Amino acid sequence: ASDGVGIDFPQLLLEGLQPRLVVIDEGLRPLYHAAASAAANYSLTLFAIAEELYRRAGDNDEDARNTVTRFMLQSIERASLRGPKASVTGPVVRGDLDVVREQMQLVEAKAPELYNAFRSLSEATALMFTDSWNELWGEFFQRDAEEKDHSVNGSPWAQRGQSAGE
């Protein structure tokens, strides 16, 4: 119930399941659902990307899955206790351009279909978690975008979808 009316009865029915019922402005319902998609689905997409990168770096399936599982569980636990900004680590938040550049180059060479996602996630990490967006990372990602075609239509994902649909 987006207006708060009638929420008591559903809450009573679902009490044993410990649901979280919230009242949301109707106009913001799609944003709330977008957050659910990001939390539930995109976390699995991140899992799959990391797992695939570990495999391409030489891990077998089981080791890749176990490594991703450990990293993601530890990250989620830290973020739930301290918040994401206090929990994030890695070369992007350290401002290590050389490491990020090398990672992006290897992802592009060894997993080109994952490059745009990896680049976008690196950029989002810089934007969300660093104070040096404009002077450091903004220029870095702008230069990278100028050197390569990062448009959606030029991505391997879009090309795969076009060929599958034809």
Side-chain angles (χ1 to χ4, degrees), residues 17-20 30-165:
L17 300 175
Q18 298 181 338
R20 183 173 166 262
L31 182 61
Y32 192 82
H33 288 158
S37 292
N41 299 327
Y42 301 159
S43 59
L44 296 176
T45 302
L46 290 174
F47 191 106
I49 289 170
E51 188 179 43
E52 183 60 26
L53 292 174
Y54 276 117
R55 277 196 292 271
R56 297 212 190 163
D59 271 359
N60 63 45
D61 290 349
E62 183 179 354
D63 288 344
R65 180 162 295 146
N66 289 337
T67 301
V68 175
T69 298
R70 282 193 313 274
F71 271 117
M72 289 187 79
L73 287 175
Q74 290 170 5
S75 295
I76 294 299
E77 185 175 329
R78 278 193 318 269
S80 71
L81 295 173
R82 301 185 293 195
K85 189 160 187 158
S87 303
V88 69
T89 63
V92 172
V93 295
R94 287 194 314 266
D96 196 335
L97 295 170
D98 293 334
V99 169
V100 174
R101 185 177 294 110
E102 183 178 29
Q103 289 176 349
M104 288 172 52
Q105 288 170 345
L106 280 170
V107 169
E108 186 175 34
K110 301 297 182 184
E113 75 281 9
L114 301 178
Y115 177 79
N116 285 340
F118 187 85
R119 182 197 181 280
S120 294
L121 290 165
S122 298
E123 188 173 4
T125 300
L127 184 62
M128 299 279 300
F129 299 115
T130 70
D131 296 327
S132 57
W133 172 254
N134 289 330
E135 61 272 7
L136 180 67
W137 292 111
E139 183 179 323
F140 175 84
F141 287 111
Q142 180 63 38
R143 193 173 328 113
D144 182 69
E146 290 169 357
E147 292 173 4
K148 298 173 180 70
D149 177 17
H150 292 296
S151 67
V152 173
N153 291 332
S155 78
W157 292 109
Q159 292 168 2
R160 183 187 301 178
Q162 290 169 356
S163 63

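Side chains are part of it too, since the values below use all heavy atoms of this structure and drop only hydrogens, waters and symmetry mates. Because the structure is predicted, anything quoted here is derived from the model rather than measured.
Side-chain atoms of Ser87 never come within 3.5 Å of backbone atoms of Arg82 as a donor-acceptor pair (strictly under, hydrogens ignored).
The closest side-chain heavy-atom distance from Met104 to Phe118 is below 4.5 Å. No side-chain heavy atom of Phe129 sits less than 4.5 Å from a side-chain heavy atom of Val92.
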- Message: Assess the residue pair Leu73 and Glu77 against the criterion (side-chain contact (heavy atoms from CB on, under 4.5 Å)); give the C-alpha distance rounded to whole Å, side-chain angles, the decisive distance to 0.1 Å, and a yes or no.
- Response: CA-CA 6 Å; Leu73 287 175; Glu77 185 175 329; over 6 Å; no
- Assess whether side-chain contact (heavy atoms from CB on, under 4.5 Å) is satisfied between Thr67 and Asp59, documenting all intermediate values. CA-CA 9 Å; Thr67 301; Asp59 271 359; 4.0 Å; yes
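The minimum heavy-atom distance between Asp98 and Arg101, with the atom names listed, is OD1-NH1, 3.2 Å. Taking both residues in full, the closest heavy atoms of Arg119 and Phe141 are given as NH2-O, 2.6 Å, listed atom of the first, atom of the second, then distance. Here the closest non-hydrogen pair linking Pro91 and Trp137 is O-CZ2, 4.0 Å.
Atom CD of Gln74 is separated from atom OG1 of Thr89 by 10.0 Å, given to the nearest 0.5 angstrom. How far CG of Leu136 is from CG of Asp131: 11.5 Å, rounded to the nearest 0.5 Å. Glu102 contributes atom CD, which lies 13.0 Å from atom CG of Leu97 (distance to the nearest 0.5 angstrom). Within the model, atoms OG of Ser120 and OH of Tyr115 stand 9.0 Å from one another, a figure rounded to the nearest 0.5 Å. If you take CG on Leu121 and CG on Asn116, they are separated by 10.5 Å, rounding to the nearest 0.5 Å. Residue Glu147 holds its CD atom at 10.5 Å from CD of Gln142, rounded to the nearest 0.5 Å.
A salt bridge links Arg55 with Glu51; the closest basic N to acidic carboxylate O contact falls under 4.0 Å.
Around NZ of Lys110, the count of heavy atoms belonging to other residues, nucleotides or ligands within 6.0 Å does not exceed 12. By the 6.0 Å contact criterion, CZ on Arg78 is enclosed, its count of non-hydrogen atoms from other residues, nucleotides or ligands being greater than 12.
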